[in-house]
Every structure is written in structure tokens, then in C-alpha cells.
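All remarks here apply to the structure that follows.
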Amino acid sequence: MAELAWVAAALPFFSFLIQVFITGPTRRRGDWVGIIATAASFILSIGVLLETTAGVRTGSSFLWATMGDRTFRFGYHVDALTGVMLVVVALVSLMVHLFSLGYMEGDVRYGRYYTILSLFTFSMLGLLLADNFLQLFVFWELVGLCSFLLIGHWYEEKANSNAAMKAFLTTRVGDIGMAIGIFLLYSATGTLQFEEVWHSVSAGLLTPATITAVSLLLFAGAVGKSAQFPLHVWLPDAMAGPTPVSALIHAATMVAAGVYLVARSFPLFSASPTAMYWVAAIGGFTAFFAATIALVQEDIKKVLAYSTISQLGYMFLGLGSGSLVAGTFHLMTQAFFKSLLFLASGSVIHALHTQNLHEMGGLYRRMRWTAWTWIIGSLAMAGVPPLSGFWSKDEVLLAAYHSGRPLLFWLGLITALLTAFYITRATWLAFFGRPRDEEKFRHAHEGDWRFKLPLGVLAIMAAFSGFVGSSWFGHPFTHWMETTLPSGFHLVELEPAGIVQLLALAAAVLGILLGWLVYGAGVVSRSALIRAAGPVYTLLKRKYYLDELYGWLFVRTTVALSWVVSVFDRYIVDGIVNLIAWFSTQLSFATGDFDRSVIDGAVNGVGAAFSAGSQVLRRAQTGYVGAYLLVLLGAMAAGLLVLAFIVD
């Protein structure tokens with residue numbers, strides 16, 4: 001099955017082609033073409049996972065392009081990391097396809113939506129299977145294109161098209177750095193094949209400075225794609241797209257690509273302590289930074305958006321702390337519980353037609369299935385045992401604890417507390433307490449099987465997927481990741497630290513308790529809490545004014561520069577051109593006058609002289625022979641007289 005892994009990506013691609021070329025009424029039924037293809041990819045991915053976790057590693061490639069003596073190859077590489085991610089992406093994509101049957105029903109571009117979903121699934125699976133950096137970059141950009149198209153699905157509204165453009169341009173900033181890193185890597189090694197690059201690193205063929213530079217440049221791409229500070233600003237605005245898109249792109253797949261890039265390049269990153277430090281530092285800071293903003297969001301999807309940014313920071317914290325297991329394990333569990341939360345929020349939005357938490361409340365009584373699946377996802381994210389997030393979050397904190405960077409460990413621990421608090425806040429505001437909008441509450445209803453089935457499947461995965469990395473079963477996930485590393489590389493075994501697990505559990509419990517005290521029991525007044533926070537609340541509400549800062553630094557600066565260039569073009573460049581044109585016009589007038597008056601005058605004068613002379617001479621032409629003889633005799637007489645005068 002591992003040797004057929006490329007078929008998992010090919011199936012959604014064929015689905016995309018079929019939907020593109022289907023015309024007429026049948027095009028709207030292209031949804032089932034995508035669902036069947038994605039389901040087949042998922043089944044195949046399970047087979048790949050079973051083989052790769054047993055130690056199978058395989059791959060193949062063929063010649064793609066030749067430039068002189070340089071060749072570029074196109075192929076696939078399959079190991080345990082690939083197998084895990086194939087299952088995650090295929091399963092979440094399948095659930096999103098099913099959920100969208102109900103959520104997008106009646107949409108004016110229903111067929112287009114499913115077509116792009118198939119293209120996106122193909123792009124992400126192709127990225128996972130790539131066996132070299134160039135091929136990975138091709139699919140990386142294709143994923144970005146699909147994200148742009150899906151975020152701006154309802155492009156009639158200016159805010160949606162602006163959000164799509166913001167996502168596209170912001171991620172391109174990081175991608176420029178990534179492209180430069182790939183160029184630098186190729187110039188240093190002469191290859192972009194993963195296995196050959198790892199060999200160059202282990203053989204000492206790259207200088208430490210080159211390894212650090214390449215790693216940081218590649219990480220720039222990961223920062224953009226995985227929405228890390230300071231390129232995180234696109235992801236909250238991307239919530240303008242359909243909610244199933246948020247579950248697919250912004251929970252489990254596209255944003256996970258940056259983490260996957262660092263995990264796949266772990267032999268390269270781990271050879272540079274400087275690069276590892278910056279991966280951990282940016283990840284740890286982003287995790288805390290985004291969690292603080294999530295505390296005050298009123299839009300249920302934006303709570304989850306900032307939560308996604310925070311959890312992605314957790315993954316980078318784990319990877320940068322030297323633990324491939326911690327980063328990738330949390331990547332897997334977060335994909336399940338965060339996509340579950342997004343789809344559950346979609347169920348709420350579909351029922352109430354609002355995303356504002358302050359217009360919800362009491363929905364547990366009307367939407368039990370959605371409420372319970374949301375609660376499972378929330379508890380998993382908060383890190384409550386034995387749900388999946390408990391195991392993976394502890395791995396990240398344990399890695400940070402052993403990394404020798406206590407500040408990052410405490411940032412991660414505080415983030416765990418904040419996470420439990422803000423997800424409890426969102427849970428209580430949406431599903432418990434009294435309804436804050438009676439009209440919406442009366443019309444709230446649970447969706448049909450198209451909503452319930454994806455929520456149920458993802459709830460099961462959010463609850464139990466963490467067991468593959470738990471100590472109860474001997475840490476199988478650790479053994480899987482061990483098989484992904486090339487020979488000569490080994491995972492660092494983290495010593496269990498009971499204090500870490502105790503503190504992590506205490507942070508989760510304390511966060512949930514505080515959330516209940518404020519939003520459930522009402523022991524602490526929310527309005528009093530806001531007044532006490534004062535400027536801090538305003539700072540969080542305005543998202544640290546980063547959008548305004550970027551607006552001034554980049555948008556307004558670009559507009560101002562455009563105005564200056566426009567003025568320069570209009571008055572300087574155009575002025576010079578117009579002056580040259582005026583001078584040329586005046587010169588043409590002067591040369592025209594000179595031509596008419598002098599050149600033409602001289603020519604006309606000569607012509608007039610000849611004309612006058614001809615008028616005189618024509619009178620001598622009488623036509624009488626006698627007259628001509630008389631003139632001849634006269635001329636001869638005159639000639640003789642002159643001759644005689646000369647002789648004398």
C-alpha cells in the first residue's frame with residue numbers, strides 16, 4: 001500500500017478534473033464525486049499508515065526537468081510522518097466534504113466550491129508526499145491559491161474579497177523567504193532531494209552559517225503559512241470564508257503545512273541551535289500572544305481562529321525545543337479537536353445565522369449533539385485527561401521543560417491556563433445560561449445526518465487519538481517518528497517529569513474553574529472585570545493594534561509612495577516628456593518655415609528665373625530662316641571686330 005501512496009493524491013485530482021469538465025445540471029452533483037474520491041484516499045491512507053508505522057519507508061521519483069548538467073526530479077516519499085498526515089488530511093477533508101452537503105446547500109457557487117475542495121485536497125496530499133523541496137514548494141503555492149479561492153468564496157462582499165487578498169499577500173511574504181532558502185540550499189548542495197540534503201548535513205558538507213541561514217529562511221515560509229507572529233494577521237480575517245473551509249484550511253491542513261515543513265526538515269533544523277531557538281521562541285511567544293487575544297473575542301469563529309494560531313505556536317515550541325514527537329503529535333491531535341470545534345461552530349451558525357457569542361446562550365437545550373461534540377473538543381483542547389489534547393500538550397510542555405529555556409516553559413504553561421479559560425468562556429456563552437436572543441433561540445435546531453456524522457467522527461478522534469502517544473500504550477507515536485529519521489539521527493528521549501504533568505493539569509483545571517466562576521456562576525462580574533482590566537482589555541480587543549500598525553507601515557506607506565510616484569510621474573516625467581514634445585513642435589514649426597521660405601524660395605526663384613529667361617528667349621525663336629541668317633551674320637561680324645581689336 002505504501003508504494004501506492006501517490007494514488008491518494010491522484011484521486012482528488014481526478015475528482016477535480018471531472019468536476020471541471022462536468023457541465024449542465026449534473027455539475028451540482030459533483031459533490032459526491034469529491035466525497036467518493038476523498039473517501040477512497042482516506043481508506044488508502046489507512047493502509048499506508050499501517051505499513052509505515054511498522055517501519056516501511058519507500059519512495060520513487062522520475063526525471064522532471066533538465067537544465068544543462070542540472071536535473072530536477074518529481075516523486076514521492078513515504079514514511080510514518082507521511083502516513084500519519086495522510087490519514088489526518090484525508091479524514092478531515094472527508095468530514096468537511098460531508099458537512100458541506102448541508103452547510104452549503106443552495107449556495108450559488110455550490111459546484112465551484114466542491115471543485116476547489118478537491119483541488120485543495122489534492123494539493124495538500126501532494127505536499128505531504130513530495131520527496132524534494134522544489135516539489136513541496138509547488139504544492140505549497142497551490143495550497144495558497146486554493147486558500148485564496150475558498151476564503152473569497154462569497155466575493156460579492158468587499159470584506160470577503162479583502163480577507164482573501166490579505167491572506168494571499170501576507171503568506172507570500174513568508175514564501176519569498178522560503179524560496180530564497182531553497183535557492184540557497186540548492187547552491188550549497190547541488191540537490192533538493194530530502195534524503196540527499198540530510199546526507200549533506202550529516203556528512204558536514206554544509207557550514208553552520210549556511211545551515212542556519214537556510215533553516216531560518218525556510219522557517220519564514222512556515223511563519224507565513226502557519227500564521228505565526230508577526231505574519232499571523234491574515235488568519236482571523238480568513239474566517240470570512242465558509243465555516244467548513246475554516247475547519248479544513250485553518251485547523252488541520254493548510255496552516256499545518258508550516259509545522260509539517262519544519263518536522264520534515266527536522267534533520268536540517270536540529271543541526272542549527274540558533275534556528276531551533278528561534279523556532280521555539282516565536283512559537284512560544286505566538287502561543288501566549290494569540291491566547292490573550294482569544295480571551296475577548298465576541299465572534300465564535302475568531303475565538304477559534306486565535307486559538308488555532310496559539311496551538312500552532314505550541315507545535316513550533318515543541319519542535320524548537322528539540323522534540324519532533326511533541327510538535328507532530330500535537331499537530332495530529334489539534335487537527336481533530338480544532339476541526340471538530342470549527343464544524344460545531346458551523347452547526348451553531350447554520351442554526352442561528354449569527355457568529356456573535358453574545359447573541360447565543362442556552363443552545364444545549366436545543367442542540368444536544370452539537371453541544372456534546374463541542375464540549376468534547378473543548379475539553380480536549382483544554383488538556384483534560386484522558387482526551388487527546390492532554391497527551392500532546394504535555395509532550396510540548398515536557399519538551400520546553402527539558403530545553404533549558406524556563407521562560408518558554410512558563411509561557412507554554414500560562415498559555416494552557418488561558419486556553420482552558422477562553423474555551424470555557426465560549427462554551428458557556430454559546431451553550432449554557434439563558435438565551436440572549438429569544439428569536440434566534442426559538443429557531444435554533446439540530447442539523448441532519450450531514451451535520452451529525454462529521455461531528456460524531458471527529459469527536460471520537462478528538463477523544464481517543466491521543467492514546468497513540470500515551471504512556472499507557474508504550475508511546476507508539478514516538479516509535480513511529482523514530483523511523484522517519486535518516487540513519488545517524490536519533491530522537492532525544494525526554495525524561496518524564498511529574499511536576500510538568502501536575503502543573504499542566506492544574507493549569508487546565510484552574511482555567512476551566514475561572515471560566516465557570518466568571519461566565520457560569522457569575523461570582524466575578526464580567527463588567528467589573530472589564531473595568532478592572534481597563535487599558536489591557538482595550539489593548540486585547542484591538543489585537544494589540546497590529547492591524548492598525550501594519551496599516552500605517554505598509555498599506556498607508558504604499559499608498560503614500562504611490563501618490564509620490566504618481567506626482568513625480570505626472571509633473572516630472574510627464575513634464576519632461578511634454579517639454580520635449582513642445583520643443584520638438586516648435587522646432588518643427590521653425591524648420592517648416594525655413595523650408596517654405598528659404599529652401600522652397602530658392603528653388604522657386606531658380607524656377608522663376610528660368611521661366612523669365614525662357615520668356616525672353618522664346619521671342620528669339622521666330623521660325624524664319626532669313627532672321628536666323630541675319631543673326632548669324634551679325635554674330636560673325638561682331639566676332640571679326642573683336643578679333644581685329646585683339647590683333648591690333
Side-chain angles (χ1 to χ4, degrees), residues 9 12 16 38 41 85-97 100 113 116-130 136-153 163-175 178 218-228 231-264 286 290 301 304-313 315-316 327-328 330-332 334-336 338-339 341-343:
F16 164 73
T38 308
S41 293
M85 291 304 300
L86 285 176
V87 169
V88 169
V89 171
L91 177 59
V92 173
S93 179
L94 177 59
M95 295 302 103
V96 168
H97 274 74
S100 298
Y113 172 83
I116 300 174
L117 277 189
S118 291
L119 180 62
F120 178 85
T121 304
F122 157 69
S123 304
M124 192 63 203
L125 293 175
L127 186 153
L128 298 175
L129 289 166
L136 183 146
F137 188 71
V138 170
F139 285 107
W140 182 280
E141 293 303 312
L142 193 54
V143 165
L145 170 64
C146 295
S147 172
F148 168 76
L149 295 173
L150 289 170
I151 293 170
H153 179 73
M165 188 63 69
K166 184 176 183 179
F168 189 80
L169 294 177
T170 304
T171 53
R172 294 292 79 70
V173 173
D175 292 354
M178 181 179 175
L218 292 176
F219 183 56
V223 166
K225 195 72 80 181
S226 293
Q228 296 296 283
L231 299 179
H232 66 283
V233 292
W234 67 269
L235 195 145
D237 287 4
M239 297 301 107
T243 302
V245 168
S246 302
L248 178 65
I249 295 179
H250 308 127
T253 51
M254 173 181 160
V255 293
V259 181
Y260 175 78
L261 171 64
V262 176
R264 175 57 69 198
T286 303
K301 285 178 66 176
L304 299 179
Y306 281 104
S307 173
T308 299
I309 297 171
S310 179
Q311 296 302 307
L312 290 166
M315 299 171 206
F316 284 118
T328 52
H330 198 59
L331 172 61
M332 181 191 74
Q334 199 264 172
F336 294 131
K338 188 56 63 62
S339 58
L341 290 171
F342 268 115
L343 291 186

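Throughout, residue positions are numbered sequentially from 1 according to the sequence presented. As a basis for the values below, the full set of heavy atoms in this structure was taken, side chains included, without hydrogen atoms, waters or symmetry mates.
Rounded to the nearest 0.5 angstrom, H232 NE2 and S226 OG are separated by 14.0 Å. Considering CD of Q311 and NZ of K338, their distance stands at 5.0 Å, rounded to 0.5 Å. Y113 OH to L149 CG: the interatomic distance, rounded to the nearest 0.5 Å, is 13.0 Å. Considering OG1 of T308 and CD1 of I249, their distance stands at 12.5 Å, rounded to 0.5 Å. To the nearest 0.5 Å, atom OG1 of residue T328 and atom NE2 of residue H330 are 11.5 Å apart. One finds the CG atom of L142 at 12.0 Å from the CZ atom of F137 (value rounded to the nearest 0.5 Å).
Smallest separation of non-hydrogen atoms from A305 and P236: CB-CA, 3.9 Å. Contact record, A335 with V92: O-CG2, 4.2 Å, taken as the closest heavy-atom pair. Listed here is the closest heavy atom pair of F342 and K301: CE2-O, 4.0 Å. Nearest heavy atom pair, residue L231 against residue A220, reads CD1-O, 4.4 Å. The nearest pair of heavy atoms linking W234 to K225 is CZ2-O, 3.5 Å. In terms of heavy-atom proximity, L235 sits nearest to A227 at CD1-CB, 3.7 Å.
Side-chain contact check for V255 versus I309: every heavy-atom pair is 4.5 Å or farther apart. With contacts defined as side-chain heavy-atom distances shorter than 4.5 Å, the pair V88/F336 qualifies. Using a 4.5 Å heavy-atom threshold, the side chains of S100 and P242 count as separate. Counting only heavy atoms from C-beta outward, the side chains of L127 and Y260 approach each other to under 4.5 Å. Annotation: side chain of I151 is not in contact with side chain of K166 (no heavy-atom distance under 4.5 Å). Here the side chains of L150 and L117 are in contact, with some heavy-atom distance below 4.5 Å. With a 4.5 Å cut-off on side-chain heavy atoms, M95 and S339 do not count as touching. For the pair L128 and R264, the minimum side-chain heavy-atom distance is 4.5 Å or more.
Of the residues V143, L119, L86, L248, the one that meets the side chain to side chain contact (heavy atoms under 4.5 Å, CB included) test with M124 is V143.
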Check step by step if side-chain contact (heavy atoms from CB on, under 4.5 Å) holds for F122 and F139. CA-CA 9 Å; F122 157 69; F139 285 107; 3.5 Å; yes

I would like to know whether D175 and R172 meet side-chain contact (heavy atoms from CB on, under 4.5 Å); could you show each step before the answer? CA-CA 5 Å; D175 292 354; R172 294 292 79 70; 2.6 Å; yes

Any chance you could lay out the side-chain contact (heavy atoms from CB on, under 4.5 Å) test for T286 and L312, step after step, and finish with the verdict? CA-CA 8 Å; T286 303; L312 290 166; over 6 Å; no

Using side-chain contact (heavy atoms from CB on, under 4.5 Å), reason through T121 and L94 one step at a time and then give a plain yes or no. CA-CA 9 Å; T121 304; L94 177 59; over 6 Å; no

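Of the possible polar contacts, none joining the W140 side chain to the A257 backbone as a donor-acceptor pair under 3.5 Å is found. At distances below 3.5 Å, at least one donor-acceptor pair connects side-chain atoms of T171 with backbone N or O atoms of F168.
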